Amino acid sequence: MRVTEADGRVEITGVSDFDPEKIFECGQCFRWRRQADGSFLGVAMEKAARVRREGDKILFSGGRAEFEAVWFPYFDLERDYGSVRWEISQDPRMHAAAEYGAGIRILRQEPWEALCSFLFSQCNHIPRIRQIVETLCSTYGEPIEFENRIVYTFPKAERVAELSLGDLEVLRSGYRAPYILSAARAVTDGSLNFEALAGVSTEEARRALASLPGVGRKVADCVLLFGMGRTDAFPVDVWVRRAMERQGDRFDPSAFGENAGIAQQYIFFYERSGGAGKECAG
DNA sequence: GAACAGGTGAAGT
DNA sequence: ACTTCACCTGTT
């Protein structure tokens with residue numbers, strides 16, 4: 001990977017598997033929006049950014065220092081997705097999905113944001129999840145200026161913990177609102193400590209997350225995968241379940257080891273695209 | 001208007 | 001251990 005800085009932005013070349021559209025629209029995150037010029041604008045890690053692809057170049061707003069401190073880890077640029085994808089493709093059942101998902105990367109989001117986002121996700125469509133998250137941020141996040149506009153950070157757990165259910169009504173998040181409040185309180189009072197969970201097994205971290213109200217196996221695995229860098233976590237939602245059931249034969253995600261979560265994202269993206277359905281029609 | 005949506009947890013077999 | 005249901009809200 002080659003990194004150059006110019007005009008207040010960073011260009012990288014020589015990165016395989018970086019398709020902004022797939023990364024931001026494969027359902028793992030909810031705060032990046034496509035702009036009229038084809039770039040994506042978002043806020044993550046308390047920073048706003050614009051990201052675009054031009055041919056084999058990826059452009060990031062901001063300087064090299066910010067890129068190295070924030071966006072390099074956030075976009076998981078250390079991982080060679082080309083070879084991960086090749087390994088996953090060795091399972092013939094994964095071949096089509098892995099090829100279709102070329103360009104996806106698993107973002108390393110903040111664990112608290114991932115926890116909230118996937119608590120909101122239950123029984124909701126993606127547009128609605130985005131709406132709820134955006135309202136949470138614009139109402140309770142911190143304003144920051146970016147390219148002559150105001151955008152909002154994701155509010156910290158400490159901020160949410162001091163809110164009431166009434167304060168959250170503006171989100172229209174229904175029965176999920178109390179889940180958010182108790183999660184915020186758990187993070188704030190230390191009974192859920194993400195830093196400490198970095199040092200325990202995935203299974204133990206999963207148990208800790210699932211002890212929160214409203215967090216079951218699926219949401220816990222989403223937090224592990226999208227917010228805690230646990231690529232061995234394999235969230236099973238209705239789409240992935242459908243794909244697995246169609247295999248008829250037993251499908252064991254643990255066979256993918258540390259790549260299970262990435263395989264999951266290929267399956268999810270492919271299944272939602274409808275590509276898998278066509279294959280089976282007949 | 002009923003049914004459903006990236007789930008969870010309690011209560012019923 | 002497996003199945004059923006309610007849960008807010010918005011959309012089809």
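In the text below, chain A, chain B and the rest are named by the order of the sequence lines, each starting its count at 1. These numbers come from a predicted model, not from an experiment. Quick note: numbers below take in every heavy atom, side chains included, and nothing from hydrogens, waters or symmetry partners.
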How about [X] and [Y]: does a side-chain donor come under 3.5 Å of a side-chain acceptor?
X         : Y         : result
Thr13(A)  : Asp56(A)  : no
Asn124(A) : Ser121(A) : no
Arg9(A)   : Ser61(A)  : no
Ser83(A)  : Glu87(A)  : no

Within the structure shown, what part of the strands sits under 4.0 Å from [X] by heavy-atom distance: base, sugar-phosphate, or nothing?
X         : result
Leu119(A) : nothing
Gln264(A) : base
Leu212(A) : sugar-phosphate
Arg172(A) : sugar-phosphate

For atom [atom1] of [X] and atom [atom2] of [N], their distance in whole Å:
X         : N      : atom1 : atom2 : value
Ile132(A) : dA5(B) : CD1   : P     : 16 Å
Arg242(A) : dA5(B) : CZ    : C1'   : 10 Å
Arg241(A) : dG7(B) : CZ    : P     : 10 Å
Leu209(A) : dG7(B) : CG    : P     : 17 Å
Tyr175(A) : dT8(B) : OH    : P     : 10 Å
His125(A) : dG7(B) : NE2   : P     : 10 Å
Ile180(A) : dT8(B) : CD1   : P     : 13 Å
Tyr179(A) : dG9(B) : OH    : C1'   : 7 Å

5'-most contact on DNA chain B: Phe118(A) or Gly214(A), nearest heavy atom basis?
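On the 5' side of the pair lies Phe118(A).
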Both Val215(A) and Arg176(A) contact DNA chain B. Taking the nearest nucleotide for each, which residue is further toward the 5' end?
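Checking each residue's closest nucleotide, the 5'-ward one belongs to Arg176(A).
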Would you find a donor on one side and an acceptor on the other, under 3.5 Å apart, between the side chain of Lys22(A) and the backbone of Tyr100(A)?
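Between the backbone of Tyr100(A) and the side chain of Lys22(A) there is a qualifying donor-acceptor contact (under 3.5 Å).
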Say whether, by atom type as modelled, one donor and one acceptor occur between the side chain of Thr153(A) and the main chain of Glu142(A) under 3.5 angstrom.
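Checked: pair present.
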Could you walk me through whether Arg230(A) and Thr202(A) pass the side chain to side chain donor-acceptor pair (under 3.5 Å) test, one step at a time?
CA-CA 7 Å; Arg230(A) 300 287 182 129; Thr202(A) 298; 2.9 Å; yes
Would you say the ring centroid of Phe60(A) lies under 6.0 angstrom from that of Tyr74(A)?
no
Output field: ring centroids Tyr179(A)/Phe120(A) closer than 6.0 Å
no
Could you give the distance separating [M] and [N] at their [atom1] atoms, to the nearest angstrom?
N       : M       : atom1 : answer
dG9(B)  : dG10(C) : C1'   : 23 Å
dT11(C) : dT8(B)  : P     : 24 Å
dA3(B)  : dT4(C)  : P     : 16 Å

Has Phe268(A) got its ring stacked on dG6(B), by the test of a centre gap below 5.5 Å and a plane angle below 30°?
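Yes; centroid distance and tilt both under limits.
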Connected via hydrophobic side-chain network under 4.5 Å: Ile132(A) and Val151(A)
no
Segment of DNA chain C, first to last nucleotide, that comes within the 4.0 Å heavy-atom reach of chain A:
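Taking any atom under 4.0 Å from a heavy atom of chain A, the span is dC7(C) to dG10(C).
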Taking a pair as Watson-Crick (N1 to N3 plus N6-O4 or O6-N4) or G-U wobble (N1-O2 and O6-N3), both under 3.5 Å, which stems of 3 or more consecutive pairs involve DNA chain C?
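Consecutive-pair runs (3 or more) involving DNA chain C: B:2-5 with C:9-12, B:7-13 with C:1-7.
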